[in-house]
Amino acid sequence: LNAAEPQSIVIKESFFTTDQSRENIDSPAVWHGSDGQHLLFATSKAGNSINVFDASNGAMIRRLGGLGSELGQFNRPNGIWVIDDYMLVVERDNQRVQVVYLPTLVSIATFGEGILKKPYGLYVKSSGKNEYHVYVTDNYEAADEKLPADRDLDKRIHRFVLETVGNTAEGEWDAQFGATSGDGRLFVVESVYGDPVHNHLLLAEELEDSTWGRQVKVYDFEGAFTGKSFGQGIFKNQVEGIALYPTSDTAGYWIVTDQGKIENLFHVFDRETFEYKGAFSGERTLNTDGVWLSQTTIPHFPNGVFYACDNDKAIAAFDLGNVLTGLGLNLAK
């Protein structure tokens, strides 16, 4: 193997959360409290709950929620995001986003009802003091449960404005977008992640088709397709969870999941150019949906942690120092 060629390596998982085979675990997120708390959250689609773990060792702490449509209840929670002291959860079957205040774990608001049809993933960025832009993917189908016609692909992403003051929040619809022709069409969408520095909003195209699918399509934050996409010919399965690892204000790496039940890979691309840098897998982590990356130093992880869903039943944790140095890539300064 030429040293300059991208390589694939195996990284031993640092820990797994408790096996919850009946839960249909989907996506993780992490919160680091000012008093030293490090909480790992995971959405349970079958349990209609958010499972809470110790982020440094995977020990179960508690379960949040239960089936229902009231505030504090969930119906097939899928995507999850943590920003500042707020956790946002997409509920596919309640067709909404729920906001939970941290660290009290009290639900304080919902939004998106009457607008979202089959929401899955979300990305949240700060847009000013006490205000956030929330991008939610909507994988609605046609009446026959097939892919919508091209002309109906214009609402694949919704943007909401979330305003917060302490333990109160209110979300309001702001915009919708999605290309209806050309290479930017979004056929099957779930994972989304943004890079405000470069005005890139990455959408994982899950369509299992070598022409239009199995790639990442790059929009900007105002909803225009940039003409860029990457990963064609590299992904062998559905494109799933996305994470960003900045090494400086502008440089870094994207980690994008290639969701396989036999071979499950995490591909690494350059943050700015999307050049392919290599891949890694776990010793036993398979069939990954959502992922989360934290560069915060916590016990046992001086260089941060990469969390990945393992086969619908647990969350696996990888030492980021082992991942980056194993691939010969730069650690954040």
Side-chain angles (χ1 to χ4, degrees), residues 24 26-27 45 75-79 81 88-97 110-124 133-161 171-194 199-242 256-260 274 289-290:
N24 200 350
D26 187 87
S27 295
K45 293 186 289 190
N75 194 348
R76 198 175 173 89
N78 202 83
W81 197 272
L88 285 77
V89 181
V90 172
E91 300 176 65
R92 191 195 72 178
D93 292 355
N94 272 335
Q95 300 172 305
R96 68 185 187 184
V97 179
T110 64
F111 60 89
E113 295 95 336
I115 297 170
L116 298 170
K117 297 177 181 178
K118 199 173 182 181
Y120 274 90
L122 79 167
Y123 165 77
V124 186
H133 280 170
V134 183
Y135 293 82
V136 182
T137 56
D138 199 345
N139 201 43
Y140 54 87
E141 299 165 325
D144 58 3
E145 298 186 351
K146 294 183 179 180
L147 289 174
D150 285 0
R151 65 178 180 274
D152 296 324
L153 294 173
D154 60 333
K155 296 178 283 293
R156 277 307 197 212
I157 304 136
H158 289 273
R159 185 174 67 207
F160 297 86
V161 174
E172 184 177 284
W173 181 86
D174 183 51
Q176 64 190 32
F177 52 87
T180 55
S181 62
D183 294 345
R185 286 172 294 172
L186 299 168
F187 298 101
V188 181
V189 292
E190 180 170 356
S191 297
V192 53
Y193 205 113
N199 194 22
H200 287 155
L201 189 69
L202 274 59
L203 283 302
E205 175 56 78
E206 291 191 11
L207 182 69
E208 295 195 59
D209 171 88
S210 58
T211 301
W212 302 112
R214 292 182 177 147
Q215 59 188 276
V216 179
K217 297 174 181 178
V218 185
Y219 275 64
D220 64 26
F221 279 104
E222 292 307 310
F225 177 55
T226 64
K228 300 175 183 177
S229 60
F230 64 93
Q232 301 96 320
I234 294 174
F235 292 98
K236 305 303 180 187
N237 306 287
Q238 282 190 356
V239 186
E240 270 287 354
I242 305 172
V256 188
T257 306
D258 194 345
Q259 183 186 32
F274 308 119
D289 282 303

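Excluded from the calculations below are hydrogen atoms, water molecules and symmetry mates; all remaining heavy atoms, backbone and side chain alike, are included.
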Would you say Glu91's side chain and Asp93's backbone share a donor-acceptor pair under 3.5 angstrom? no
Just by distance, do the side chain of Asn139 and the backbone of Tyr120 share a donor-acceptor pair under 3.5 Å? no
Checking Tyr140 against Lys155 for the side-chain contact (heavy atoms from CB on, under 4.5 Å) test, could you report, in this order, the C-alpha distance in whole Å, the side-chain angles of both residues, the deciding distance, and whether it holds? CA-CA 9 Å; Tyr140 54 87; Lys155 296 178 283 293; 3.6 Å; yes
Quick check: closest heavy atoms across Pro119 and Val136, and the distance to 0.1 Å? CB-CG1, 3.9 Å
Do Thr137 side-chain atoms and Ile157 backbone N/O form a donor-acceptor pair below 3.5 Å? no
Under a 3.5 Å distance rule, please check whether Gln95 uses its side chain to pair with a backbone N or O of Lys117 as donor and acceptor. yes
With a 4.5 Å limit on heavy-atom distance, are the side chains of Val97 and Val89 in contact? no
The side-chain hydrogen bond (donor to acceptor under 3.5 Å, both in side chains) partners of Asp183 (sequence neighbours excluded) come to none
So, taking the atom named NZ in Lys217 and the one named CG in Leu201, what distance separates them when rounded to the nearest 0.5 Å? 14.0 Å
Do the side chain of Thr180 and the main chain of Arg151 share a donor and acceptor less than 3.5 angstrom apart? no
In short, Gly290 meets Ser27 closest at the heavy-atom pair CA-OG, 3.5 Å
Take the angle between the ring planes of His158 and Phe160 and call it parallel below 30°, perpendicular above 60°, tilted in between. tilted
Test Glu190 against Asn78 for side chain to side chain donor-acceptor pair (under 3.5 Å), laying out the working first. CA-CA 9 Å; Glu190 180 170 356; Asn78 202 83; 2.9 Å; yes
Within-4.5 Å side-chain heavy-atom neighbours: Leu153 and Phe187: yes
Listed partners of Asn237 passing side chain to side chain contact (heavy atoms under 4.5 Å, CB included), at least two apart: Asp258
If you take all heavy atoms of Thr226 and Asp220, which pair is closest and at what distance? CG2-N, 3.8 Å
State, yes or no, whether a side-chain contact exists between Val161 and Trp173 at a heavy-atom distance under 4.5 Å. no
Mind listing the closest non-hydrogen atom pair of Phe225 and Val218 along with its distance? CD1-O, 3.3 Å
Under the side-chain hydrogen bond (donor to acceptor under 3.5 Å, both in side chains) test, residues paired with Asp138 that sit two or more places apart: none
Side-chain donor or acceptor of Arg96 paired with backbone N/O of Leu116 under 3.5 Å: no
Counterpart residues, ring-ring contact (aromatic ring centres under 6.0 Å, His included), relative to Tyr123 (two or more places apart): Trp81, Tyr193
Salt-bridge contact Arg214-Glu208 (side-chain N to carboxylate O under 4.0 Å): yes
Would a 4.5 Å heavy-atom cut-off, applied to side chains only, mark Leu203 and Tyr135 as touching? no
Salt bridge (charged side-chain N to carboxylate O under 4.0 Å, His left out) partners of residues 224-241, not counting sequence neighbours, each pair once: none
Closest approach of Thr257 to Phe235 (non-hydrogen atoms, all atoms of both residues): O-CE2, 3.7 Å
Between Asn24 and Arg76, is a side-chain contact (heavy atoms from CB on, under 4.5 Å) present by the stated rule, with each step listed? CA-CA 10 Å; Asn24 200 350; Arg76 198 175 173 89; 4.2 Å; yes
Do Arg185 and Trp212 meet the cation-pi criteria used here (NZ or CZ under 6.0 Å from the six-membered ring centre, within 45° of the axis)? yes
Check whether any side-chain heavy atom of Val216 sits under 4.5 Å from a side-chain heavy atom of Val256, and report yes or no. yes
Taking Asp209 for its side chain and Thr211 for its backbone only, find out whether a donor-acceptor pair lies under 3.5 Å. yes
For the atom pair CZ (Phe221) and NE2 (His200), what is the distance rounded to the nearest 0.5 Å? 9.5 Å
Looking at OG of Ser191 and CG of Leu122, how far apart are the two atoms once the value is rounded to the nearest 0.5 Å? 10.0 Å
Set out, in order, the CA-CA distance, both residues' side-chain angles and the distance that settles salt bridge (Lys or Arg N to Asp or Glu O under 4.0 Å) for Glu141 and Lys118, then state yes or no. CA-CA 8 Å; Glu141 299 165 325; Lys118 199 173 182 181; 3.3 Å; yes
Do Val90 and Leu88 make a side-chain contact, defined as non-hydrogen atoms from C-beta onward lying under 4.5 Å apart? no
Name all residues meeting the salt bridge (Lys or Arg N to Asp or Glu O under 4.0 Å) criterion together with Arg156; count only those two or more places apart in sequence or in a different chain, and write none if there are none. none
Ignoring hydrogens, what is the shortest heavy-atom contact between Lys45 and Pro77? Give both atom names and the distance. CG-O, 3.1 Å
Go through Gln215 and Gln232 one step at a time and tell me if the side chain to side chain donor-acceptor pair (under 3.5 Å) criterion holds. CA-CA 5 Å; Gln215 59 188 276; Gln232 301 96 320; 3.3 Å; yes
